[in-house]
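Predicted model, so just to flag it, every value in this text is computed and none were measured. Letters A, B, ... are given to chains in the order of the sequence lines, protein chains preceding strands, and every chain is numbered from 1.
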There are 2 protein chains.
Amino acid sequence: MKTETKKPHLSIQAFQRMPYYLQYLKKIFAEGAVNISSRLVAQHFGFTEIQVRKDFAAVSSAAGIPKHGFDVKQLIIDIEELLGYRNTNEAVLVGAGAFGSTFFKCDSIKEYGLSIVAGFDINNDIVGKQIHGKPVFHSSKISELCKRMQTHIGIIAVPSDQAQEACDKLVEGGVLAIWNFSQVHLSVPEGVLVQNENMAVSLALLSKHLQDKLKKDEVIPK
Amino acid sequence: MKTETKKPHLSIQAFQRMPYYLQYLKKIFAEGAVNISSRLVAQHFGFTEIQVRKDFAAVSSAAGIPKHGFDVKQLIIDIEELLGYRNTNEAVLVGAGAFGSTFFKCDSIKEYGLSIVAGFDINNDIVGKQIHGKPVFHSSKISELCKRMQTHIGIIAVPSDQAQEACDKLVEGGVLAIWNFSQVHLSVPEGVLVQNENMAVSLALLSKHLQDKLKKDEVIPK
DNA sequence: TGATTATCGATATTATAATATTGAATAAAA
DNA sequence: TTTTATTCAATATTATAATATCGATAATCA
């Protein structure tokens, strides 16, 4: 009898932990592990085991077994399914300069189901050329080409003052998800997702921790 | 009489919004704005005005004035102070290959108070050379040189299977904050911060949104 | 076969963050 | 000077996520 367990709600936070679980599970599976307990997983990541159990319960089709733990292989299948690494998504890149063009040669992107099919830029030195085998068009063509190619993902790697304009063109071209590497907030209509990758935010967190730490050690030296 | 307002607690979420506020405030200040109301800021970012007021209250030394709003210049000063953009932090880069070396030429990093002073790698083709004027040493020297240079920030840009080892060496060298671009969880002793920059996580979020969106539009076409 | 123990799932509690409500303050207009 | 519109601050509420508690289950061992 198949006990089709109703999956609990998966929070955004939990969703973001999934790639980490997946990477770890794949590693221990390759090393021969068949079962894994929530306690061991929790120890590895520094989480609580309750959290790990809840996370697994929210994605897994098979329940854990007392004294045995969870089926590693099944978990891998379920998480890969959830993350959608199977189906490949096509994306375009806006801003193919020094920073942006690194995306063309970045292999790990492919691994996670993203394929960059074209680049756009306003610099005439690179427009019309190919970078790592991918064509670079002028930015004025963004909407037109996105529509024609049915592309739904856009990567923004242009300077901040050009980001909103690039974003608008992508949206006009039917793009539904934007990976934003500029440092500005992007306004988009409802239904379009902006995923921000903001260096300034990360650096602020690093810098704050460091300042707090150094100040503390100064006052209370061991 | 100076009303020294006791600042409310600043949540991590709120802290991460600060770089966005700062960028926006600087822009409107350059355009001549002296005061700004929480409503306008909220509109720009798609936040609620209550949230904006709370965020500002948590960092600003000056309260907002009814009918006038907040002093733009004062906010800029307060947020810059909070984020620590004034003082520069020195960092080392582990993994100076195709991806890692882009950090050397990345200008925006400097702007946010980070200066990369050296790189490390295990590839003998680049060890001993200079990339964009910065020396690249062999990875076996990480701890030793970090100690000598008193560096407290490390950037990890090596393949996943080498990340934990690199991390350990940095920690041994006295590094207190690690910017992790690998896709694995890093174990560190208490007191050391790991800031993850995980492409897999972002791509998962993008991919999920897209799948949900496309599936929905398929079922309920407009 | 029965006791033991590791591990699970479900429910309850607490912590954190976002939003709604209310009343007060202030600049500008009447 | 009084009124009005706007915007603020403080408190209360709700939403979200993390953690703690407890009873149940299944493999192991006596």
d([atom1], [X]; [atom2], [N]) in whole Å:
| X | N | atom1 | atom2 | value |
| --- | --- | --- | --- | --- |
| A:Gln43 | C:dT7 | CD | P | 10 Å |
| A:Phe70 | C:dT7 | CZ | P | 12 Å |
| B:Leu40 | D:dT7 | CG | C1' | 11 Å |
| A:Phe15 | D:dT16 | CZ | P | 17 Å |

- request: Determine: side-chain N/O of A:Arg39 to OP1/OP2 of C:dA6, distance under 4.0 Å, yes or no.
  value: no

With sequence neighbours left out, the residues meeting side chain to side chain donor-acceptor pair (under 3.5 Å) with A:Gln195 are none

Across all chains, not counting sequence neighbours, the side chain to side chain donor-acceptor pair (under 3.5 Å) partners of B:Asn180 are B:Ser182, B:Asn196

Suppose we screen for salt bridge (charged side-chain N to carboxylate O under 4.0 Å, His left out). Which residues come up paired with [X], at least two apart in sequence or across chains?
| X | value |
| --- | --- |
| B:Lys110 | B:Asp107 |
| B:Lys26 | B:Glu80 |
| A:Glu165 | A:Lys169 |

Worksheet item: Where along residues 22-38 of chain B does a heavy atom fall under 4.0 Å from DNA chain C?
Response: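 Result for residues 22-38 of chain B: none.
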
Acceptor/donor pairs from residues 155-164 of chain A side chains to any protein atom, 3.5 angstrom cut, sequence neighbours excluded:
| from | atom 1 | to | atom 2 | distance (Å) |
| --- | --- | --- | --- | --- |
| A:Gln164 | OE1 | A:Ser187 | N | 2.9 |
| A:Gln164 | NE2 | A:Asp168 | OD1 | 2.9 |
| A:Gln164 | NE2 | A:Ser187 | O | 3.1 |

Notebook entry, point to check: What about the rings of B:His185 and A:Phe45, do their centers lie closer together than 6.0 Å?
Noted result: yes

Whether each nucleotide of nucleotides 25-30 of chain D has a protein heavy atom under 4.0 Å at its base (B), only at its sugar-phosphate (S) or at neither (-) is summarised, 5' to 3', as B-S---

Salt bridge (Lys or Arg N to Asp or Glu O under 4.0 Å) pairs touching residues 39-57 of chain B, sequence neighbours excluded, are B:Arg17-B:Asp55, B:Glu49-B:Arg53

Considering only nitrogen or oxygen atoms on both sides, find all protein atoms under 3.5 Å from nucleotides 17-20 of chain C and state each distance.
| from | atom 1 | to | atom 2 | distance (Å) |
| --- | --- | --- | --- | --- |
| C:dA18 | OP1 | B:Arg17 | NH1 | 3.1 |
| C:dA18 | OP2 | B:Arg17 | NH2 | 3.2 |
| C:dT19 | O4 | B:Lys54 | NZ | 3.1 |

(message) According to side chain to side chain contact (heavy atoms under 4.5 Å, CB included), who are the partners of A:Phe29, at least two apart in sequence or on a separate chain?
(response)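 Only A:Val72, A:Lys73, A:Ile76 meet the side chain to side chain contact (heavy atoms under 4.5 Å, CB included) criterion with A:Phe29.
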
For B:Leu40, give me all partners under side chain to side chain contact (heavy atoms under 4.5 Å, CB included), at least two apart in sequence or on another chain.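 Side chain to side chain contact (heavy atoms under 4.5 Å, CB included) list for B:Leu40, sorted by chain: B:Ile36, B:Ser37, B:Gln43.
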
Check: Using the ring of each side chain (for Trp, its six-membered ring), is A:Phe181 parallel, tilted or perpendicular to A:Phe103, with breaks at 30° and 60°?
Finding: perpendicular

Of the listed D:dC8, C:dC8, C:dT7, the closest approach to the B:Arg53 side chain comes from D:dC8

